[in-house]
Amino acid sequence: MTVRVRFAPSPTGYLHIGGARTALYCYLYAKATAGTYVLRIEDTDQARSKIEYEDALIEDLKWLGITHTEGPDCPAVAGPYRQSERNNIYKKYSDQLISEGKAYPCFLTEEELIVLTEKAESEKKAPHAYHGEYRRLDPSEAKKRIEAGESYVIRFKNPAKKVTFKDLVRGEVTFPEDMVGDFVIIRSNGLPVYNYCCVVDDYLMKMSHIIRAEDHLNNTCRQILLYNALGAELPHFVHVSLLVGEDKQKLSKRHGATSVSKYKNMHYLPSALMNYLCLLGWSHPEEKDIFDLETLGDTFTLERFSKSPALYDIKKLNYFNEQHLRKLSVEEIDGYFSKVIPTDHPYHDQTKEWRLCFTELYTDKIQLFSDVLDFLPDVFTDTFSKDDNYNDVITWETTRPLAKYLKSELEKLDDNSMPSKELIDTWMTHLKKELKIKGKALFMGTRIVLTGKNHGPDLKVLVSLTKVSTLVQRCSLALS
RNA sequence: GCUCCCAUCGUCUAGCCUGGUCUAGGACACCGCCUUUUCACGGCGGUAACAGGGGUUCGAAUCCCCUUGGGAGUACCA
């Protein structure tokens with residue numbers, strides 16, 4: 001069997017984390033089985049769908065490395081891939097269903113519907129029980145009313161049978177015969193409804209597996225009913241667990257940073273985001289945690305999905321980012337730093353050699369590229385606020401003579417130069433031999449005078465990256 | 001309300017299908033130690049879980065039932 005899977009977002013907003021995960025699973029499964037992954041745009045909700053969102057969706061997917069071979073922006077194989085361009089197809093099949101007596105026009109007005117719903121509720125009956133009202137209306141009578149311009153929808157004639165199917169992650173799932181009523185497949189404005197076009201498309205596009213999140217599980221009932229009516233073979237259903245927030249509810253905007261573009265803008269590594277998302281509800285057969293998705297190959301199988309919802313935890317994502325970041329070369333990290341740091345920052349005026357040295361110094365101290373922003377002042381700011389640690393170290397009796405000596409030595413140098421590591425070495429030696437300052441007093445003292453902090457990366461390298469004028473000012477501050 | 005789904009450390013999970021090797025393994029986070037005359041990285045170690053109750057069985061985290069808890073759906077949204 002050739003595997004064909006699709007990711008079918010609706011362009012009503014930006015791609016979010018949950019959607020990205022679903023897309024990823026589709027993509028990985030197609031890749032594992034040498035199948036095809038297609039992107040379909042579900043834009044039947046005219047009011048909310050926007051082409052900008054579609055563009056952004058494709059852009060974000062591309063950034064994540066989830067590439068489709070069939071979609072609205074590719075040569076059509078089983079297209080069109082935008083539902084808004086397939087209305088004639090949906091019409092054709094709904095006409096067919098009507099002629100076969102499997103669907104019918106319904107003239108219930110919105111007001112009548114509200115009344116019926118309320119009545120059903122008060123009688124504690126299923127609210128859809130009444131929908132069959134126009135089932136037996138004579139076709140010629142219906143035709144007359146349609147021609148008279150009366151508003152109507154097309155409803156599916158539900159055979160009211162129990163629906164059972166085997167979900168590849170949930171196992172056997174059964175819906176009772178009264179789960180749904182005669183649901184609408186074509187709206188009064190002539191446009192089809194999600195559950196209907198989804199089935200028509202998946203059928204016509206020959207989808208072998210429907211991989212989607214669990215919030216669609218109940219929709220599967222209506223959809224199977226439609227597959228049966230269309231005489232179509234059922235695809236395999238794969239309902240993946242939901243992604244939830246702190247409150248255990250379905251992940252949504254109100255949970256904070258949930259759109260993929262946010263992470264792109266924050267310069268997260270797409271490989272890290274994908275790696276983390278992949279493991280939220282799926283486990284590696286060898287229990288690996290940090291890996292490159294492209295190397296997964298056919299180890300990605302449908303059997304390793306977890307059934308329970310997974311909580312999205314940004315702390316763990318940051319850890320994945322840190323691990324993926326560590327695998328990058330200094331040059332690559334410098335490239336990201338250059339993107340993160342504002343263009344007018346003096347960082348960009350430094351030599352390549354300086355930047356690589358700086359990058360190397362800080363690589364193992366960051367989780368996110370933007371963390372570098374916190375470290376920039378280490379070398380670029382002349383003064384700093386004196387915190388508690390500073391005030392403590394600065395009062396040591398050894399610190400003042402130490403600062404005085406360093407200042408005098410620094411003043412011998414060109415303001416715009418940076419002291420060499422060797423030079424700093426000789427200063428340290430002098431301080432130890434001549435001024436008898438050693439151990440913690442020496443290293444901590446030098447660090448606090450020259451950098452203002454009592455901890456940080458390798459001191460000699462750090463100082464060798466700092467301009468003499470800056471260091472002199474810091475010494476002055478220590479002596480003031 | 002009704003329908004469906006889910007239930008192992010705080011979190012992500014392994015183990016479950018094919019009961020015994022599980023005094024339940026790994027990862028994040030947290031704590032401690034080592035390393036680094038700092039911090040971080042790294043290494044080592046620690047705290048921490050089978051929701052509850054009944055069965056079945058010589059034996060249950062694993063199989064069955066019930067209870068409880070959580071979630072999703074219940075549209076002329078997708």
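Within every chain, numbering begins at 1; the chains are lettered A, B, ... in the order of the sequence lines, protein sequences first and strands thereafter. If you're wondering where the values come from, they're calculated on a predicted model, not measured in any experiment.
- Atom C1' of nucleotide B/C41 and atom CG of A/Leu361 are separated by 13 Å, given to the nearest angstrom.
- To the nearest angstrom, C1' of B/U11 lies 13 Å from CG of A/Leu279.
- Place A/His455 and A/Arg48 on RNA chain B by their nearest nucleotides, and A/His455 ends up nearer the 5' end.
- Comparing atom distances between the A/Arg222 side chain and each of B/U38, B/G15, B/A75 picks out B/A75 as nearest.
- Residue A/Glu246 contributes atom CD, which lies 14 Å from atom P of B/G10 at whole-angstrom precision.
- Put simply, A/Lys365 has no side-chain N or O that comes within less than 4.0 Å of OP1 or OP2 on B/C41.
- B/U13 and B/C6 have their P atoms separated by 15 Å, with the value rounded to a whole Å.
- The base of B/C39 does not come close enough to the side chain of A/Lys453 for any donor and acceptor atom to sit less than 3.5 Å apart.
- Closest to the A/Phe443 side chain, of the nucleotides B/C76, B/U37, B/A72, is B/U37.
- Distance from the side chain of A/Leu280 is smallest to B/C12 among B/C12, B/A7, B/C76.
- In this entry B/C39 has no Watson-Crick or G-U wobble partner, no candidate having both defining distances under 3.5 Å.
- Heavy-atom distances to RNA chain B give each of A/Phe305 and A/Lys438 a nearest nucleotide, and the one nearer the 5′ end belongs to A/Phe305.
- Under the 3.5 Å distance criterion, with hydrogens and angles disregarded, a donor-acceptor pair is assigned to the side chains of A/Asp378 and A/Tyr362.
- For A/Thr220 and B/C4, the shortest distance from a side-chain N or O to OP1 or OP2 is not below 4.0 Å.
- The nucleotide whose nearest atom lies closest to any side-chain atom of A/Lys250 is, among B/C12, B/G73, B/C5, B/G73.
- Atoms OH (A/Tyr312) and P (B/G10) sit 23 Å apart, rounded to a whole Å.
- In a base pair of the Watson-Crick type (N1 to N3 plus N6-O4 or O6-N4) or a G-U wobble (N1-O2 and O6-N3), with each distance short of 3.5 Å, B/A27 is matched with B/U11.
- Proximity of a side-chain donor or acceptor of A/Asn321 to a complementary backbone N or O of A/Ala272 within less than 3.5 Å is not detected.
- The side chain of A/Leu242 has B/G71 as its nearest neighbour among B/U38, B/G71, B/C4.
- A distance of about 49 Å separates the P atoms of B/G42 and B/G1, rounded to the whole Å.
- Atom-to-atom distance recorded for A/His284:NE2 and A/Leu296:CG is 5.0 Å, nearest 0.5 angstrom.
- Residue pairs meeting the salt bridge (charged side-chain N to carboxylate O under 4.0 Å, His left out) criterion with at least one member in residues 279-289 of chain A, sequence neighbours excluded, are A/Glu286-A/Lys288.
- If you take CZ of A/Arg326 and C1' of B/C41, they are 6 Å apart, rounded to a whole angstrom.
- Of the possible donor and acceptor atoms, none in the side chain of A/Asp55 sits under 3.5 Å from a partner among the backbone N and O of A/Glu52.
- Listed here is the closest heavy atom pair of A/His209 and A/Tyr29: NE2-OH, 3.4 Å.
- For B/G25 and B/C16, the C1' atoms lie 15 Å apart once the distance is rounded to whole Å.
- Taking the charged nitrogens against the carboxylate oxygens, A/Asp425 and A/Lys421 have no contact shorter than 4.0 Å, which rules out a salt bridge.
- Of the C1' atoms belonging to B/C28 and B/C9, the separation is 12 Å, rounded to the nearest Å.
- Figure legend. B/C44 is base-paired to B/G32; pairs are counted as Watson-Crick or G-U wobble with both atom distances under 3.5 Å.
- With B/C4, B/C76, B/C5 as the choices, the nucleotide that has an atom nearest any side-chain atom of A/Val153 turns out to be B/C76.
- In this model, a donor atom of one side chain and an acceptor atom of the other lie less than 3.5 Å apart for A/Tyr194 and A/His216.
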Expected rows: protein N/O vs nucleotides 60-66 of chain B N/O, under 3.5 Å:
none

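- Rounded to a whole angstrom, the distance from the P atom of B/G54 to that of B/U62 is 14 Å.
- OP1 and OP2 of B/A72 both lie 4.0 Å or more from every side-chain N or O belonging to A/Lys248.
- Spacing between atom OH of A/Tyr196 and atom C1' of B/A78 amounts to 17 Å, rounded to whole angstrom units.
- Put simply, A/Ser283 has a side-chain N or O that comes within less than 4.0 Å of OP1 or OP2 on B/A14.
- Side chain of A/Asp43 to backbone of A/Ser84: a donor-acceptor contact under 3.5 angstrom is found.
- Side-chain proximity of A/Asn218 to B/U13, B/A78, B/A72: nearest is B/A72.
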Strictly under 3.5 Å: I want the nitrogen or oxygen pairs between protein and nucleotides 22-29 of chain B, one per line.
unit_1: B/G25; atom_1: N2; unit_2: A/Glu287; atom_2: OE1; d: 2.8
unit_1: B/A27; atom_1: N3; unit_2: A/Lys316; atom_2: NZ; d: 2.9
unit_1: B/C28; atom_1: OP1; unit_2: A/Tyr319; atom_2: OH; d: 3.2

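- As a whole-Å value, the separation of A/Arg170 CZ from B/C5 C1' is 6 Å.
- A distance-only check finds no donor-acceptor pair linking the side chain of A/Trp282 to the backbone of A/Leu302 [under 3.5 Å].
- A side-chain N or O of A/His255 and one of A/Asp247 form a donor-acceptor pair less than 3.5 Å apart.
- One atom, CE of A/Met179, and another, P of B/C4, lie 7 Å apart when rounded to the nearest Å.
- Taking side-chain N and O atoms only, A/Arg212 has no distance below 4.0 Å to OP1 or OP2 of B/G73.
- Taking only side-chain atoms of A/Asp215, from C-beta outward, the nucleotide of B/A72, B/A78, B/C6 with the closest atom is B/A72.
- The closest donor-acceptor contact from the side chain of A/Thr363 to the backbone of A/Thr359 lies under 3.5 Å.
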